[in-house]
Amino acid sequence: MTPLIELDNISKSFSGIRALSGVSFSLSPGEVHALVGENGAGKSTLMRVLGGEMRPDTGEIRLNGEPIRFTGPEDAIGRGISIIHQEMALAPDLSVAENIFLGELPAGIRWASLRRRAGELIRRLGFDISPAARLGDLSIAHQQVVEIAKALSRNARTIVFDEPTAVLSTGDAERLLDIIRSLRREGVAIAYISHRLDEVFAVSDRISVLKDGQNVDTVTPDKATVDDLIRLMVGRPLSQLFGEKPDTEIGEEVLRVEDLVLPNGVRNVSFSLRRGEILGLGGLVGSGRTEVARAIFGADPVTSGHMTLNGEAYRPRTPKQAVRRGVGLVPEDRKGQGVVLDMAIMHNATMAHAGPVTRFGFFDPRRERGVIDKLVKALRIKLGHPTDPVSSLSGGNQQKVVLAKWFHADGDVIILDEPTRGVDVGAKTEIYFLIHRLAAAGKAVLVISSEHAELFGLCDRVLVMGNGELRGELAPQDYSEEKLLTLSIAGQGKAEREMSA
């Protein structure tokens, strides 16, 4: 079959730095071709070339076998190529129908016809979303459905999905994969970029690996494993991603939570966290994990229950009070809550310092540069200059800046909510190393993650939540996905019966 799209020997440089070097990539009708690699491997640059946002320095783009040179993104869209970015390009205050046909709305809008056409596109994707609904009132998953409907409204025959499930729950992610499978059956050519390798194997026909702006290999899911892909991407197997766990002594109790009840339905949560311990908190998305973290950090109110920190009563009303008591939080929403994207890297990394604020910044500016230089070196943050905005960094390096705040703040308890969401496997390894360093320094660390391998590879023990309750605990000898899911869904009794069977 003649490929629908071919990118042949594409090279692209920025200020003398080579982002792509002779990369080739193709898509056929009815194919899902995944593109994987670490941050900085060149995936996004290659897709921007495909989407007409950038012109290659060398190489050729062919559409249906004919050479083509896009004049810009609209030219690519007009030729049936749509890119669905992780950061969706939608207008939250407009309706679903208006968003789907944004950019092609006539001066005189026939609302009934517009909503009818929007409804047909949404139903084609298997969803029932009102075309008249305000987009900002929809869940992230449904907003993504609108983005896909928008691409279909333009008769897209090639769709690029760039990290489409990064902010979705497990259930919503599976529904999105079902949409991609249905589009494949309709003959749409799909490029799929994701750090979630289980999804890549579940949905792809071919998988291409990029490293340092070059092709490494192209494999098929039936002839490769996750370990094979990781070796191609970073040069080492999955078992080595977590590094060798240091021999950290677990000390005295730092945080105790007893019978915690929250207004959002979380109830009767009790546990303790010790110095030098990495404690996991697992369970399905929506089980109450993040809500517990936010309550401990003072971001959400507590209905009842009791908490102690270093043996003293602890009930923060605000995050500021929590920080002053030595509790830090790396939130699930890194870009929305963890950093100030337009603020300098150095200010973001030091903003959790609890000392006096001067008119120049959060503390003596003569010390700030020295502190940030040490943090950049210790956390191996790749940046241009400390005064550059955080938005200039890759996702993995943005996450390191969030972690840097708590290395500098010198607290006792660090809560990490989905610490590696949206970062590549290489950056994950570095973040795991930093988490081990926090524990080795005597911090009490609570890790919340939807990735079971991450919990098992990092944590000294794992608590499991389900339906707002703490359902049980797993020791290392009991670690398995089946047991964790059984606890989350059915509770401790059934899990214990299955363990003994």
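Please read these numbers as outputs of a predicted model, since none were measured by experiment.
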Participant: Quick check: do L152 and L125 have side-chain heavy atoms less than 4.5 Å from each other?
Facilitator: yes
Participant: How many angstroms lie between CZ in R325 and CE in M307, if you round to the nearest 0.5 Å?
Facilitator: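 If I round to the nearest 0.5 Å, the distance is 10.0 Å.
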Participant: Counting distance only, does the side-chain N/O of K443 pair as donor-acceptor with the main-chain N or O of R275 below 3.5 Å?
Facilitator: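 Side chain of K443 to backbone of R275, a donor-acceptor pair under 3.5 Å: no, none is there.
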Participant: State whether the side chain of S392 and the backbone N or O of D388 hold a donor-acceptor pair below 3.5 Å, judged by distance alone.
Facilitator: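 Looks like no, no N/O pair under 3.5 Å.
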Participant: Just how far is it from atom CG of D300 to atom CD of E291, taken to the nearest 0.5 Å?
Facilitator: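 Output value for this atom pair is 7.5 Å.
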Participant: Enter the distance from S82:OG to I159:CD1 here, rounded to the nearest 0.5 Å.
Facilitator: 6.0 Å
Participant: Between R471 and M465 (side chain of the first, backbone of the second, donor and acceptor by atom type, cut-off under 3.5 Å), is there such a pair?
Facilitator: no
Participant: Working note: I230 + V226, criterion side chain to side chain contact (heavy atoms under 4.5 Å, CB included); need CA distance, chi angles, decisive distance, verdict.
Facilitator: CA-CA 6 Å; I230 290 174; V226 170; 3.7 Å; yes
Participant: Of all heavy-atom pairs between S194 and E199, which one has the smallest distance, and what is that distance?
Facilitator: OG-OE1, 3.6 Å
Participant: Which atoms form the tightest heavy-atom contact between L262 and A295, and what is the distance?
Facilitator: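 Heavy atoms only, the tightest pair is CD2-CB, 3.6 Å.
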Participant: Under the side chain to side chain contact (heavy atoms under 4.5 Å, CB included) rule, what do H436 and I278 come out as? Steps first, then yes or no, please.
Facilitator: CA-CA 8 Å; H436 284 312; I278 302 176; 3.8 Å; yes
Participant: Might you point out which heavy atoms bring I100 and S153 nearest each other, and give the distance in Å?
Facilitator: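 Looks like O-OG, 3.3 Å.
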Participant: Does a donor on one side chain sit under 3.5 Å from an acceptor on the other, for N310 and D412?
Facilitator: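 Yes, because at least one side-chain N or O of N310 sits under 3.5 Å from a partner of the opposite role on D412.
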Participant: Show your working on side chain to side chain contact (heavy atoms under 4.5 Å, CB included) between L474 and R461 and close with a plain yes or no.
Facilitator: CA-CA 6 Å; L474 291 176; R461 58 192 173 101; over 6 Å; no
Participant: Mind listing the closest non-hydrogen atom pair of I345 and L383 along with its distance?
Facilitator: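 What the structure gives for the nearest pair is CD1-CD1, 3.7 Å.
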Participant: Ring-plane angle category for H142 and F127, please: parallel below 30°, perpendicular beyond 60°, tilted otherwise.
Facilitator: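 Ring orientation of H142 relative to F127: perpendicular.
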Participant: Closer than 3.5 angstrom, by distance alone: can the side chain of S182 be matched with the main-chain N or O of I179 as a donor-acceptor pair?
Facilitator: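 The answer is yes, because a donor-acceptor pair under 3.5 Å joins these two groups.
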Participant: Can you tell me if R184 uses its side chain to pair, donor with acceptor, with the backbone of V203 under 3.5 Å?
Facilitator: yes
Participant: State whether the side chain of Y314 and the backbone N or O of I296 hold a donor-acceptor pair below 3.5 Å, judged by distance alone.
Facilitator: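 Flag set: sc Y314 to bb I296 pair under 3.5 Å.
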Participant: Are I414 and L416 side-chain neighbours, meaning at least one heavy-atom pair lies under 4.5 Å?
Facilitator: yes
Participant: Got a salt bridge between D178 and R181, using NZ or NE/NH1/NH2 to carboxylate O under 4.0 Å?
Facilitator: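 Counted as a salt bridge, because a side-chain N and a carboxylate O are separated by less than 4.0 Å.
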Participant: Within this structure, what is the CG-CG distance for the pair N99 and L90, rounded to the nearest 0.5 Å?
Facilitator: 5.0 Å
Participant: Does some side-chain heavy atom of S130 sit less than 4.5 Å from a side-chain heavy atom of V96?
Facilitator: no
Participant: Is the charged tip of R117 near the ring of F101: under 6.0 Å from the six-membered ring centre and within 45° of its axis?
Facilitator: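 Yes - R117 lies over the ring of F101, closer than 6.0 Å to its centre and within 45° of its axis.
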Participant: Taking the side chain as C-beta and beyond, is there a heavy-atom pair between V445 and I435 under 4.5 Å?
Facilitator: yes
Participant: Are the side chain of S204 and the backbone N or O of I207 linked by a donor-acceptor pair below 3.5 Å?
Facilitator: no
Participant: Could you grab the distance from atom OH of Y192 to atom OG1 of T165, nearest 0.5 Å is fine?
Facilitator: 4.0 Å
Participant: Inspect the surroundings of CD in E252 and state if more than 12 heavy atoms from other residues, nucleotides or ligands are less than 6.0 Å away.
Facilitator: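 Check passes, neighbour count above 12.
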Participant: Are Y479 and L455 packed together at the side-chain level, in the sense that at least one heavy-atom pair is separated by less than 4.5 angstrom?
Facilitator: no
Participant: Spell out, as yes or no, whether a donor-acceptor pair under 3.5 Å connects the side chain of E469 to the backbone of G466.
Facilitator: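 Between the backbone of G466 and the side chain of E469 there is no qualifying donor-acceptor contact (under 3.5 Å).
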Participant: Would you say the side-chain atoms of R289 pair up with the backbone N or O of G283, donor to acceptor, closer than 3.5 Å?
Facilitator: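 Judged by distance alone, yes, a pair lies under 3.5 Å.
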Participant: Can a side-chain donor-acceptor contact be found between S270 and E258 if the only test is distance below 3.5 angstrom?
Facilitator: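 No, because no side-chain N or O of E258 sits under 3.5 Å from a partner of the opposite role on S270.
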Participant: What distance separates T45 OG1 from L210 CG, expressed to the nearest 0.5 Å?
Facilitator: 10.0 Å
Participant: For the side chain of D460 and the backbone of E277, is there at least one donor-acceptor N/O pair under 3.5 Å apart?
Facilitator: no
Participant: Could you walk me through whether R123 and D128 pass salt bridge (Lys or Arg N to Asp or Glu O under 4.0 Å), step by step?
Facilitator: CA-CA 6 Å; R123 284 191 294 276; D128 183 19; 5.9 Å; no
Participant: Could you check whether any side-chain heavy atom of I84 comes within less than 4.5 Å of a side-chain heavy atom of K150, counting everything from C-beta outward?
Facilitator: no
Participant: Taking the side chain as C-beta and beyond, is there a heavy-atom pair between T486 and L484 under 4.5 Å?
Facilitator: no
Participant: Is there a side-chain contact between V447 and P419 (heavy atoms, below 4.5 Å)?
Facilitator: yes
Participant: Walk me through it: do T290 and R294 pass the test side chain to side chain contact (heavy atoms under 4.5 Å, CB included)?
Facilitator: CA-CA 6 Å; T290 293; R294 288 177 56 84; 4.0 Å; yes
Participant: Hey, is CD on E249 packed in by over 12 heavy atoms from elsewhere, all under 6.0 Å?
Facilitator: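 12 or below, so no.
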Participant: What's the shortest heavy-atom distance between R315 and G305, and which atoms?
Facilitator: NH1-O, 3.8 Å
Participant: For a quick test of reading the model, state the closest non-hydrogen atom pair linking P331 to L329 and the distance between them.
Facilitator: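 Smallest heavy-atom distance, with atoms named: CD-O, 3.4 Å.
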